[in-house]
There are 2 protein chains.
Amino acid sequence: MPNCTMNECGKSVVYTLSVVGGKWKWIILAILFENGVQRYGEIKKSASAITHKMLSQQLKELEAEQLILREEYHQIPPKVEYSLTEKGKTLIPIIQLMADWGTKYKPSK
Amino acid sequence: MPNCTMNECGKSVVYTLSVVGGKWKWIILAILFENGVQRYGEIKKSASAITHKMLSQQLKELEAEQLILREEYHQIPPKVEYSLTEKGKTLIPIIQLMADWGTKYKPSK
DNA sequence: CCGAATCCTTGGCGATACTG
DNA sequence: CAGTATCGCCAAGGATTCGG
């Protein structure tokens, strides 16, 4: 446990969670990681439990944090594609560990 | 969370986040990881932003998930110690990555 | 097809007080 | 010192609509 001196570790975790807060952001990032470039509707379909409002909101926040890239095609009908930025890709190891942990401990039905 | 038409990786992330939901749980786990066995008051002090009610609640949930161990000493005044269980320790790699990420991207004061 | 704005409900969470 | 219970607020988030 290097560089984890008294509370520094905890504070860094606090910071990370303040940037990627709540579970929706992790899930959205996982979807983009798995499927690459995705349109709004594709993400929505992958995470059907999320509401329209929540998804737009979370995407906007992730974009503001420079974790995802938003590319808008000015056309009718509109088309917007999202993808991970380089910074967003640095979160992949965490997402993978989360996925591994979930796979291991998820009750098999 | 129900009927997510998602691929396996995404589902596993969803499961993980359903077990360790919200930021408080990660922070509590980080504190126990850093400092080892901790009394209630010590945790409270490390995460001063958390309220009394929240802390008890989160601790109870973490205990129910078998991620932390609660040891009560029946004495006056009461003394209760918390520590990571073996299952809880399996989350350490994730916490460490979160700490590393936070350290790297946290704006320098 | 995508996103913003509005309205409205709900429960998360804080504050406080009380018990063992 | 540790935990539980109660009350009440406010904001998170759901449903819907409109506009580009």
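Order of the sequence lines sets the chain letters (A, B, ...), proteins ahead of strands, with each chain counted from 1.
Here the side chains of W24(A) and L55(A) are not in contact, with every heavy-atom distance at 4.5 Å or above. No side-chain heavy atom of L84(A) sits under 4.5 Å from any side-chain heavy atom of L67(A). At a threshold of 4.5 Å between non-hydrogen side-chain atoms, the residues R39(A) and V80(A) do not count as touching.
Within the structure, every side-chain polar atom (N or O) of R70(B) is placed at least 4.0 Å from both OP1 and OP2 of dA2(D). Neither OP1 nor OP2 of dC1(C) sits under 4.0 Å from any side-chain N or O of R39(A). OP1 and OP2 of dC1(C) both lie 4.0 Å or more from every side-chain N or O belonging to K44(A).
Using a 4.0 Å heavy-atom cutoff across all strands shown, P78(B) reaches at least one base atom of the nucleic acid. No engagement by Y73(B) is indicated, since no non-hydrogen atom pair under 4.0 Å with the nucleic acid exists.
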Footprint string (nucleotides 7-16 of chain D, 5' to 3'): B base within contact, S backbone only, - free, heavy atoms under 4.0 Å = ------BBB-
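Protein atom CG of L55(B) is 14 Å distant from nucleotide atom C1' of dG14(C), rounded to whole Å. Atom C1' of nucleotide dG20(D) and atom CD of Q75(A) are separated by 13 Å, given to the nearest angstrom. For the pair E81(B) CD and dA2(D) P, the interatomic distance rounds to 10 Å; values are reported in whole Å. Atom CD of E71(A) is separated from atom P of dG3(C) by 13 Å (rounded to the nearest Å). One atom, NZ of K60(B), and another, C1' of dA2(D), lie 12 Å apart when rounded to the nearest Å. If you take NZ of K79(B) and P of dG3(D), they are 13 Å apart, rounded to a whole angstrom. Summarising the geometry, the separation between OH on Y82(B) and C1' on dA2(D) is reported as 7 Å, rounded to the nearest angstrom. Summarising the geometry, the separation between NE2 on H74(A) and C1' on dG3(C) is reported as 13 Å, rounded to the nearest angstrom.
No donor-acceptor contact under 3.5 angstrom links the side chains of Y40(B) and E81(B), judged on distance only. Side chains of K25(A) and Q58(A): a donor on one and an acceptor on the other come within 3.5 Å.
The number of heavy-atom neighbours closer than 6.0 Å to CD of Q66(B), taken from other residues, nucleotides and ligands shown, is 12 or below.
The residues K45(B) and E42(B) are annotated as not salt-bridged, no charged nitrogen and carboxylate oxygen being separated by less than 4.0 angstrom. Residues K89(A) and E86(A) are paired through a salt bridge, judged by an N-O separation under 4.0 Å between the basic side chain and the carboxylate.
In terms of heavy-atom proximity, S12(B) sits nearest to A99(A) at CB-O, 3.2 Å.
Note that the two end axes of the helix from dC1(C)-dG20(D) to dG20(C)-dC1(D) enclose an angle of 40°, each drawn from 5 base pairs, rounded to 10 degrees.
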